[in-house]
Protein chains: 2
Amino acid sequence: MSQACAHIIDDDEAIRDALQWQFRTRGVECTLWPSAEAFLDAWQTDWRGCIVLDIRMEGMSGLECFDTLIERQCSLPVIFITGHGDVPMAVSALKKGAFDFIEKPFSDNELIERVERAIALDTERQRAAADRGTVESRLASLTAREREVMELILEGKYNKVIADQLSISMRTVEAHRSKVFDKMQVRSAVELAQMLTTLKG
Amino acid sequence: MSQACAHIIDDDEAIRDALQWQFRTRGVECTLWPSAEAFLDAWQTDWRGCIVLDIRMEGMSGLECFDTLIERQCSLPVIFITGHGDVPMAVSALKKGAFDFIEKPFSDNELIERVERAIALDTERQRAAADRGTVESRLASLTAREREVMELILEGKYNKVIADQLSISMRTVEAHRSKVFDKMQVRSAVELAQMLTTLKG
DNA sequence: GACGCTATTGTGGAATACCGCAAACACAAA
DNA sequence: TTTGTGTTTGCGGTATTCCACAATAGCGTC
């Protein structure tokens, strides 16, 4: 897992260097990319932090890059920067889920403050995803039959009813039920329901 | 409860009339307001639909009106229209929760299509809020003691444990438990947990 | 074939939940 | 005072859960 940092994509080397200097001064790690293509080639799903994306670039534009990132289900917050943005462009980007859209020129603090917020958002999302991951891995450890029994438990049915429905003995249902609680690391059906409802809701 | 309609706020009578004609032709009801002040004076929390809000107006601007609506916790989706918008303005509005931000001139279909989506969103939100309202009214019908017992049930505790914790007899806990299920209209603790987790999650 | 995992079932008992009926007490409103 | 609501408790009984111990059978891997 790479650490949280700002991934800066801009085809102007002077700007890249200036941003890098600013960021590092403020203690924000960053990586530099001269083109959308270079970034997309290198990008890995476990990268954390945020993306600072220039819109007008040689080759693939920042907006195209953004679309590609969405396709690849990259969840990193994206901060667009542009010198010649127009309103529909900004509206479209934000409605697609961009974190921010900043016009040049911007003050040093303006960008860095938003980058820090974006990184904080990603960190929070990562934490939530980890929680979901824990639950999901437990779910994955269930056998098909156990999952089947669990579904019925979550409908609040008695073991007896479940046994009838699956045409097996009550004792078998109890065995599965016990296994399910064990693997999901809960002590009651209520905890199980809360764990899974949180996962979905 | 008033029915879903587009609330148009614009100080240009010609535009109001033109929009009204377009909307009615497409079967979208609307109300017309010559100023932000007029709308804010009349607005009631049970109004449904969406708001079409011009930014540049005499008196209170559309942006100020939006801020006021947020303060008053109005949840109607807001579509801004403006002839002289700039990017920071659009970005700020959307980040505050505006539904859309459209620059003049726009095509007939462009606005009406977004209005219809906004109204659909409000309708959906309304439905979800009604569900929450149902659960909340049931919760409100619980006595203090019943709610107390319910909390402990949701922690998956046995009646015996609850009885000890509240220093009352098991039989009393059973009585409360039964009342809680009755009032909340559920048949098991699992259902109760799901109902309340959905409310919060 | 031995081994491990999964699914299945049984016995028997202790603990718990659930329910109807009944009732005592406090407290506030009519 | 009467009435109503909320809180509390008991009795007796049935249904259900939960658990330890034990066992059979299928299935795929090594």
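By convention in this document, chain letters (A, B, ...) are assigned in the order of the sequence lines, proteins followed by strands, and residues within each chain are numbered from 1.
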Participant: With side chain to side chain donor-acceptor pair (under 3.5 Å) as the criterion, how do A:Asn109 and A:Arg26 come out once you've worked through the C-alpha distance, each side chain's angles and the decisive distance to 0.1 Å?
Facilitator: CA-CA 10 Å; A:Asn109 277 338; A:Arg26 284 283 292 260; 3.1 Å; yes

Participant: Do A:Glu174 and A:Arg177 sit within salt-bridge range, that is, some charged N less than 4.0 Å from a carboxylate O?
Facilitator: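 Salt bridge flag = no for A:Arg177 with A:Glu174.
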
Participant: Run the side chain to side chain contact (heavy atoms under 4.5 Å, CB included) test on B:Val52 and B:Phe80 for me, step by step, so that the C-alpha distance in whole Å, both residues' side-chain angles and the decisive distance to 0.1 Å come before the verdict.
Facilitator: CA-CA 6 Å; B:Val52 176; B:Phe80 280 108; over 6 Å; no

Participant: Strictly below 4.0 Å: does A:Arg145 bring a side-chain N or O up to OP1 or OP2 of C:dT6?
Facilitator: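 False: A:Arg145 side-chain N/O out of range (4.0 Å or more) of C:dT6 OP1/OP2.
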
Participant: Looking at A:Thr143, does any N or O in its side chain come under 4.0 Å of the phosphate oxygens OP1/OP2 on C:dA7?
Facilitator: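 Yes.
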
Participant: Answer yes when A:Asp100 and B:Lys95 have at least one side-chain N-carboxylate O distance shorter than 4.0 Å, and no when they do not.
Facilitator: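 A salt bridge is present here (some side-chain N lies under 4.0 Å from a carboxylate O).
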
Participant: Once you measure the plane-to-plane angle for A:His7 and A:Phe39, does it fall in the parallel (<30°), tilted (30-60°) or perpendicular (>60°) bin?
Facilitator: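 Aromatic pair A:His7/A:Phe39 classed tilted.
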
Participant: Salt-bridge test for B:Asp12 and B:Arg16: reply yes if a basic N is under 4.0 Å from a carboxylate O, no otherwise.
Facilitator: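 No, no charged N to carboxylate O under 4.0 Å.
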
Participant: Considering only heavy atoms, which members of residues 150-181 of chain A lie under 4.0 Å from some atom of DNA chain C?
Facilitator: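 When residues 150-181 of chain A is checked for heavy atoms under 4.0 Å from DNA chain C, the hits, listed by number, are A:Ile168, A:Ser169, A:Arg171, A:Thr172, A:His176.
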
Participant: For the residue pair A:Thr31 and A:Trp33, confirm or rule out a side-chain donor-acceptor distance under 3.5 Å.
Facilitator: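 Yes, A:Trp33 and A:Thr31 have a side-chain donor paired with an acceptor closer than 3.5 Å.
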
Participant: Which helical stems does DNA chain D take part in, if a stem means at least 3 consecutive Watson-Crick or G-U pairs with both distances below 3.5 Å?
Facilitator: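 So the stems come out as C:1-30 with D:1-30.
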
Participant: Tabulated below should be each protein N or O lying under 3.5 Å from an N or O of nucleotides 27-29 of chain C; please produce it.
Facilitator:
none

